[in-house]
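What follows is one structure encoded as structure tokens, with my remarks underneath.
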Amino acid sequence: MMRKQRGRPKGVLVAGVGAAVVGAFVWASGAWAQGGGDGTAGGTRLQRAAEAVVGAGASGLVVQARDAEGRDREARAGVRDLARGGRIPLDAYYRIGSDTKTFVAVAALQLVAEGRLGLGDTVDEWLPGVVNGNGNDGRRITVRNLLQHTSGLPNYTDILFSDPEELTPENYRAKRFTARTPEQQVALAMSRAPGWLPDPENPGAETRWAYSNTNYVLIGMIIERVTGHPWEQEIHERIIEPLGLRHTSTMGTSAYVPQPTATAYLQFPGRHDLTDTTLQVDGGADGGIVSTTTDMNTFLRALMDGTLLPAEQLEQMRTTVPAPDFSGGAEARYGLGIAWRPVEGCDGGVWYHGGTSFGTVSETAVTPDGDVSVAAAVFTTRFGDPGRAAAQDKATYEMVERAVCRKP
């Protein structure tokens with residue numbers, strides 16, 4: 001039912017807006033497409049790839065690719081709103097979901113570079129007694145384990161989604177403005193046993209991997225404990241402001257995406273129609289940032305070219321473990337808040353993360369040297385049709401990979 005582990009649809013009970021349900025419709029490749037290519041050969045290829053994503057089932061999307069000379073190619077396809085139509089703005093804001101984790105990892109690694117936080121520090125050193133109960137033990141889990149998803153901690157969002165009755169438009173609407181504190185999210189995770197506990201003698205050497213949003217909720221709490229500031233402030237002052245990301249923000253308990261944007265749609269399990277899920281309270285350190293494709297490309301390139309992190313911390317970030325259950329394929333590997341996968345046409349593969357929220361998929365990729373990058377926002381997610389969801393995912397990955405690696 002769900003996409004592969006990654007920015008899994010977090011916070012079903014803390015998300016979203018009105019269940020304005022749109023009736024079932026038939027997609028025809030290109031029938032809904034409204035182009036925005038730049039007229040170049042590369043722009044035309046990007047436009048065709050964007051239209052293929054719509055043909056696979058997305059209501060609409062926007063994508064921007066940036067080359068080594070800093071030139072942008074942009075495309076859009078589909079419609080801004082299924083009922084009212086319209087072109088999706090090229091500068092549309094969107095929820096980046098678990099791409100937030102890369103921002104949060106950067107902030108944590110900057111604190112490591114400053115000597116204020118250690119990758120080998122245990123959770124219990126910073127948050128005594130918070131990770132405890134049902135076999136969970138914060139004394140056995142390090143900051144590295146959290147950043148790399150090798151902690152074994154239960155995923156609090158999996159627990160939220162464990163009851164199929166909760167995944168309905170009606171329940172979504174009823175709880176769309178409900179917010180949970182980080183402490184409540186962690187407490188929910190502690191109601192289940194861990195998948196494993198890292199080796200007490202060398203927890204940082206753990207290579208067992210399982211995606212858990214709980215890890216980054218805890219990283220956000222640790223950042224606040226280390227600095228005395230909310231994680232949002234640290235992200236702003238360390239990344240957003242220095243890079244001039246004027247269209248990137250943390251949302252806190254606001255359910256509203258800034259304008260311009262496009263309507264986000266979700267297909268719930270057991271239904272064939274799409275539900276408008278544009279609004280949602282989803283402001284945590286595991287997925288609470290809103291951005292644009294332009295800002296995301298700026299961030300990705302600044303990360304890979306060493307602008308944001310010293311060489312030692314960037315190397316740590318790019319030290320990976322196998323993550324075959326992560327999105328991107330069986331050869332995916334996960335570092336500290338960022339992942340890597342091999343791609344035809346890119347000798348060094350690509351670094352990426354991605355994020356899925358209710359109605360929006362964020363996809364990114366950047367070459368290891370930071371020279372070429374791509375960011376895309378797709379405004380449809382499907383939990384009720386695995387086949388169509390897989391087809392949309394495949395088309396989206398192909399679009400991203402061709403933009404960065406010039407695949408045939």
Side-chain angles (χ1 to χ4, degrees), residues 5 10 98 100-160 180-235 238 283-288 312-313 316-317 319-321 323 334-338:
Q5 296 257 5
K10 43 182 302 300
S98 283
T100 298
K101 291 179 173 67
T102 311
F103 284 76
V104 172
V106 168
L109 287 167
Q110 287 185 357
L111 291 171
V112 171
E114 294 163 11
R116 302 170 68 185
L117 179 65
L119 289 174
D121 293 353
T122 67
V123 175
D124 215 56
E125 287 178 60
W126 290 104
L127 304 171
V130 171
V131 174
N132 189 34
N134 291 305
N136 295 287
D137 188 348
R139 298 169 299 178
R140 297 271 298 272
I141 297 167
T142 67
V143 170
R144 181 188 295 277
N145 295 140
L146 296 179
L147 290 169
Q148 198 153 42
H149 294 298
T150 56
S151 68
L153 287 174
N155 187 354
Y156 80 91
T157 53
D158 282 349
I159 301 170
L160 286 175
R180 283 182 170 83
T181 66
E183 291 77 11
Q184 289 172 324
Q185 292 167 336
V186 173
L188 184 60
M190 296 303 100
S191 68
R192 302 286 178 88
W196 64 83
L197 286 173
D199 183 350
E201 299 301 320
N202 190 10
E206 180 62 64
T207 60
R208 286 173 290 184
W209 186 91
Y211 196 89
S212 176
N213 286 306
T214 309
N215 291 321
Y216 276 76
V217 174
L218 288 163
I219 287 292
M221 295 169 69
I222 289 171
I223 288 173
E224 181 169 354
R225 186 64 58 91
V226 173
T227 65
H229 305 140
W231 70 269
E232 296 96 329
Q233 180 175 341
E234 294 299 317
I235 295 297
R238 293 172 176 274
D286 54 332
E312 180 180 351
Q313 278 66 48
Q316 291 285 354
M317 182 178 233
T319 300
T320 62
V321 297
Y334 200 92
L336 305 185
I338 198 165

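Every value quoted in this text rests on a predicted model; they were computed, and no experiment measured them.
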So which heavy atom on [X] is nearest to which on [Y], and how close?
{"X": "Ile159", "Y": "Ser191", "value": "CD1-OG, 4.0 Å"}
{"X": "Asn136", "Y": "Ala189", "value": "ND2-O, 4.4 Å"}
{"X": "Trp231", "Y": "Ala285", "value": "CZ2-N, 3.4 Å"}
{"X": "Leu153", "Y": "Ser212", "value": "O-OG, 3.3 Å"}
{"X": "Gly283", "Y": "Glu232", "value": "O-OE2, 4.2 Å"}
{"X": "Glu201", "Y": "Asp199", "value": "N-OD1, 2.9 Å"}

Atom pair [atom1] ([X]) and [atom2] ([Y]), whose distance is rounded to the nearest 0.5 Å:
{"X": "Ile223", "Y": "Trp126", "atom1": "CD1", "atom2": "CH2", "value": "11.5 Å"}
{"X": "Ile235", "Y": "His229", "atom1": "CD1", "atom2": "NE2", "value": "13.5 Å"}
{"X": "Arg139", "Y": "Thr122", "atom1": "CZ", "atom2": "OG1", "value": "9.5 Å"}
{"X": "His149", "Y": "Trp209", "atom1": "NE2", "atom2": "CH2", "value": "6.5 Å"}
{"X": "Leu336", "Y": "Asn145", "atom1": "CG", "atom2": "CG", "value": "10.0 Å"}
{"X": "Asp121", "Y": "Ile141", "atom1": "CG", "atom2": "CD1", "value": "14.0 Å"}

For residues [X] and [Y], determine if any side-chain heavy atom of one lies less than 4.5 Å from a side-chain heavy atom of the other.
{"X": "Tyr156", "Y": "Arg180", "value": "no"}
{"X": "Val143", "Y": "Val112", "value": "no"}
{"X": "Leu119", "Y": "Leu109", "value": "yes"}
{"X": "Met317", "Y": "Thr102", "value": "yes"}
{"X": "Val123", "Y": "Val130", "value": "no"}
{"X": "Arg116", "Y": "Thr227", "value": "yes"}
{"X": "Ile222", "Y": "Leu146", "value": "yes"}
{"X": "Met221", "Y": "Glu183", "value": "yes"}

Any donor-acceptor pair under 3.5 Å linking the side chain of [X] with the backbone of [Y]?
{"X": "Asn134", "Y": "Met190", "result": "yes"}
{"X": "Arg192", "Y": "Pro154", "result": "no"}
{"X": "Trp196", "Y": "Thr150", "result": "yes"}
{"X": "Gln148", "Y": "Thr319", "result": "yes"}
{"X": "Gln233", "Y": "Pro230", "result": "no"}
{"X": "Asp137", "Y": "Leu197", "result": "no"}
{"X": "Arg144", "Y": "Gly120", "result": "no"}

Distance-only donor-acceptor check, side chains Thr100 and Tyr216, under 3.5 Å:
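Thr100 vs Tyr216: no donor-acceptor pair found between side chains.
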Can you tell me which residue among Asn215, Asn213, Leu147, Ile219 is in a side-chain contact (heavy atoms from CB on, under 4.5 Å) with Lys101?
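That would be Asn213.
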Using a 6.0 Å cut-off, check whether atom CZ of Arg238 has over 12 heavy atoms from anything other than its own residue.
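Enclosed.
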Considering residues, nucleotides and ligands other than Glu114, do more than 12 of their heavy atoms fall under 6.0 Å from its CD?
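Enclosed.
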